[in-house]
Amino acid sequence: MIEDETIRKAAGRLLAWYEAMGVDAALADEPVDWLARGETAPGARFALPGMATAPETAPGPPAARPGAAPAPRPPLNARPPTTTRPARQFPAKAPAAGDAAPDVAGVANLAELKARLMAFEGCGLKATAKNLCLYRGAETAPLMIIGEAPGREEDLEGKPFVGRAGQLLDKMLASIGMDETNTHITNIVYWRPPGNRTPTPQEALACRPFLERQVALVRPKVVLALGGASAKHLFDAADGIMRIRGKWRELNIGGTSVKAMATLHPAYLLRTPAAKNMAWRDLLAVKAELK
Ligand code: URA
């Protein structure tokens, strides 16, 4: 009995630790043994030009010269060195066929884009996500919303903005007479980052060729970036969202130039309702532009 109680408490502490680390959903019945993957990082098969790659082998002690005397044995009571253990390295693999930046220029529609993304191994987020989240809404639309990254609900459902932030987004859109029939909703990355962290610039860049083709297929009149991560990635801006938001820009993407603006993310508005007036002003500007 006491043992059961001890195990129950230990399991509770373990679960609390997982939750604190951002592991807040069970995605499969069986646990994944990540160590069985060996030294290959998820997404390591693909490197964009300019992306740093890890050295082929982890740095270790220098190899002995042929014929050199063997290194003296350490005394039996020597403590194991604490600083010489190399950091875990993921070796860069020689690119295999199909590992180059994806050429999606010939992709004719969103169904084909989805199939290409399902086969794409160039973004590490895919390894820990349950589902691909490509878009929801209209296939071609005057308004294209580009958020940051799928969250838990989105990952489970395989669609962007279906959780609480998405419900607020739908209300914001309704306030300017827009809905899923005339709006295309997506994100700068197509898979949920573990623990809902912000996607890294590399992850966004890995997805970028697909996003560019998506914009070309949707043919929006206006692109609305939601939140700082999306705005920074799309507009290559260093400023924070409060400075970026509410200004019209020409976004050169997918071979065309589109009018674009950034506004506050609905998840931020849920936490900070006092900021809604700024988002409202931005939405009115979008509405005027769409007329
Ligand atoms: N937040 C985002 O940026 N995108 C989603 O799809 C959901 C929440």
Would you say [X]'s side chain and [Y]'s backbone share a donor-acceptor pair under 3.5 angstrom?
X: K126; Y: F120; value: yes
X: R192; Y: L156; value: no
X: E154; Y: G163; value: yes
X: R245; Y: A262; value: no
X: S230; Y: I146; value: yes
X: K130; Y: G158; value: no

Please answer: with hydrophobic residues joined when any side-chain heavy atoms are less than 4.5 Å apart, are [X] and [Y] in the same cluster?
X: L211; Y: V258; answer: yes
X: W280; Y: L270; answer: yes
X: I253; Y: Y135; answer: yes
X: F161; Y: L117; answer: no
X: L284; Y: M278; answer: yes

Determine the minimum heavy-atom distance between [X] and [Y], stating which atoms define it.
X: W191; Y: N131; value: CD1-O, 3.6 Å
X: H265; Y: L226; value: CD2-O, 3.6 Å
X: A138; Y: A141; value: CB-CB, 4.0 Å
X: K232; Y: G240; value: CE-CA, 4.3 Å
X: P266; Y: L168; value: O-CD2, 3.5 Å
X: V107; Y: E112; value: CA-OE2, 3.5 Å

[atom1]-[atom2] distance between [X] and [Y], expressed to the nearest 0.5 angstrom:
X: K276; Y: L283; atom1: NZ; atom2: CG; result: 12.0 Å
X: T200; Y: H233; atom1: OG1; atom2: NE2; result: 10.5 Å
X: L234; Y: N252; atom1: CG; atom2: CG; result: 12.0 Å
X: D179; Y: D170; atom1: CG; atom2: CG; result: 8.5 Å
X: E5; Y: I7; atom1: CD; atom2: CD1; result: 10.5 Å

Pairs satisfying side-chain hydrogen bond (donor to acceptor under 3.5 Å, both in side chains), at least one member in residues 211-229, at least two apart:
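Sorted result for residues 211-229: H184-Q214, T186-Q214, Y190-Q214, R208-E212.
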So do [Y] and [X] actually touch side chain to side chain, heavy atoms under 4.5 Å?
X: L143; Y: L224; value: yes
X: I188; Y: C207; value: no
X: P142; Y: N182; value: yes
X: Y268; Y: T263; value: no
X: L264; Y: M242; value: yes
X: R249; Y: M261; value: no
X: M178; Y: V286; value: no
X: R197; Y: E203; value: yes

Got a salt bridge between K247 and D239, using NZ or NE/NH1/NH2 to carboxylate O under 4.0 Å?
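No, this pair does not count.
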May I ask you to decide whether E180 forms a salt bridge with K159, counting only side-chain N to carboxylate O separations under 4.0 Å?
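Answer for the salt bridge query: no.
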Counting only heavy atoms not in [X] (residues, nucleotides, ligands), do more than 12 fall under 6.0 Å from its [atom1]?
X: R243; atom1: CZ; answer: no
X: D236; atom1: CG; answer: no
X: K114; atom1: NZ; answer: no

